[in-house]
Amino acid sequence: MDNCLFCKIVKGEIPSDKVYENDEVYAFRDINPQAPFHVLVVPKKHVASVAETGLMTDGEIAACLRAVSLIASQAKLDGGYRVISNCGPDACQSVPHLHFHILGGRKMADRMA
Ligand code: DGP
């Protein structure tokens with residue numbers, strides 16, 4: 001996707017603070033962190049959101065969540081962490097490339113909305 005912000009980050013055309021990369025996924029620190037630890041995990045293959053995961057292989061989907069787990073483990077988020085993927089306008093998704101927020105390093109609110 002030529003005009004996709006996160007595709008440009010994956011390709012290195014826009015700089016990012018990378019924390020992890022493998023063949024399937026790229027992970028980097030959120031530019032506007034909402035917690036002491038706030039990382040975005042994105043598939044290298046462009047899909048818009050969770051709603052389009054039918055366009056991904058099971059392996060590509062699994063790679064995203066395995067990366068979440070690995071990154072959180074490496075960051076020693078032993079108290080826990082929150083994983084969020086906003087999907088579509090009602091969820092206020094602002095970048096239409098599937099991504100998983102990892103939020104940690106503080107106690108989260110006890111409600112989701
Ligand atoms: P969402 O609202 O769920 O689509 O989250 C998009 C996130 O992307 C938001 O928390 C801010 C982050 N973001 C937007 N532009 C950039 C950027 O250029 N670099 C980085 N590192 N993060 C970005």
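- Between Val50 and Ser85 the shortest side-chain heavy-atom distance falls below 4.5 Å.
- Checking side-chain atoms of Glu13 against main-chain N and O of Lys8 turns up no donor-acceptor pair under 3.5 Å.
- In the hydrophobic cluster analysis, where Ile, Leu, Val, Met, Phe, Trp and Tyr join through side-chain heavy atoms closer than 4.5 angstrom, Leu70 is grouped together with Leu98.
- The ring-ring contact (aromatic ring centres under 6.0 Å, His included) search around Tyr81 returns none, not counting sequence neighbours.
- Ser16 contributes no side-chain N or O that, together with a main-chain N or O of Phe28, makes up a donor-acceptor pair within less than 3.5 Å.
- Of the inter-residue distances, the one linking Ser73 atom OG with Asp78 atom CG reads 8.0 Å to the nearest 0.5 angstrom.
- A distance of 4.5 Å separates SG of Cys64 from CE of Met56, quoted to the nearest 0.5 Å.
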Output side-chain donor-acceptor pairs under 3.5 Å for residues 29-46, partner residues at least two apart or in another chain, one line each.
{"from": "Arg29", "atom 1": "NE", "to": "Asp17", "atom 2": "OD2", "distance (Å)": "3.4"}
{"from": "Asp30", "atom 1": "OD1", "to": "Asn32", "atom 2": "N", "distance (Å)": "2.7"}
{"from": "Asp30", "atom 1": "OD2", "to": "His38", "atom 2": "NE2", "distance (Å)": "3.3"}
{"from": "Gln34", "atom 1": "NE2", "to": "Asn32", "atom 2": "O", "distance (Å)": "2.9"}
{"from": "His38", "atom 1": "ND1", "to": "Gln34", "atom 2": "N", "distance (Å)": "3.0"}
{"from": "His38", "atom 1": "NE2", "to": "His101", "atom 2": "ND1", "distance (Å)": "2.8"}
{"from": "Lys44", "atom 1": "NZ", "to": "Glu21", "atom 2": "OE2", "distance (Å)": "2.8"}
{"from": "Lys44", "atom 1": "NZ", "to": "Asn22", "atom 2": "O", "distance (Å)": "2.8"}
{"from": "Lys45", "atom 1": "NZ", "to": "Leu55", "atom 2": "O", "distance (Å)": "2.7"}
{"from": "Lys45", "atom 1": "NZ", "to": "Glu60", "atom 2": "OE1", "distance (Å)": "3.3"}
{"from": "His46", "atom 1": "ND1", "to": "His97", "atom 2": "ND1", "distance (Å)": "3.2"}

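- At a threshold of 4.5 Å between non-hydrogen side-chain atoms, the residues Arg82 and Ile102 do not count as touching.
- The cluster map of Ile, Leu, Val, Met, Phe, Trp and Tyr, joined by side-chain heavy atoms under 4.5 Å apart, puts Leu5 and Tyr26 in the same cluster.
- Residues Leu77 and Ile71 fail the side-chain proximity criterion, which asks for heavy atoms closer than 4.5 Å.
- Residues Val95 and Val10 are members of one and the same hydrophobic cluster, defined by side-chain heavy-atom contacts under 4.5 angstrom among Ile, Leu, Val, Met, Phe, Trp and Tyr.
- Considering SG of Cys7 and CG of Asp2, their distance stands at 9.0 Å, rounded to 0.5 Å.
- Hydrophobic clustering keeps Ile9 apart from Val19 (ILVMFWY residues linked when any side-chain heavy atoms are closer than 4.5 Å, directly or through intermediates).
- Cluster annotation: Val68 is connected to Val47 through the hydrophobic network of ILVMFWY side chains, with a link wherever side-chain heavy atoms come within less than 4.5 Å.
- To the nearest 0.5 Å, the span separating OG1 on Thr53 from CD1 on Ile61 amounts to 4.5 Å.
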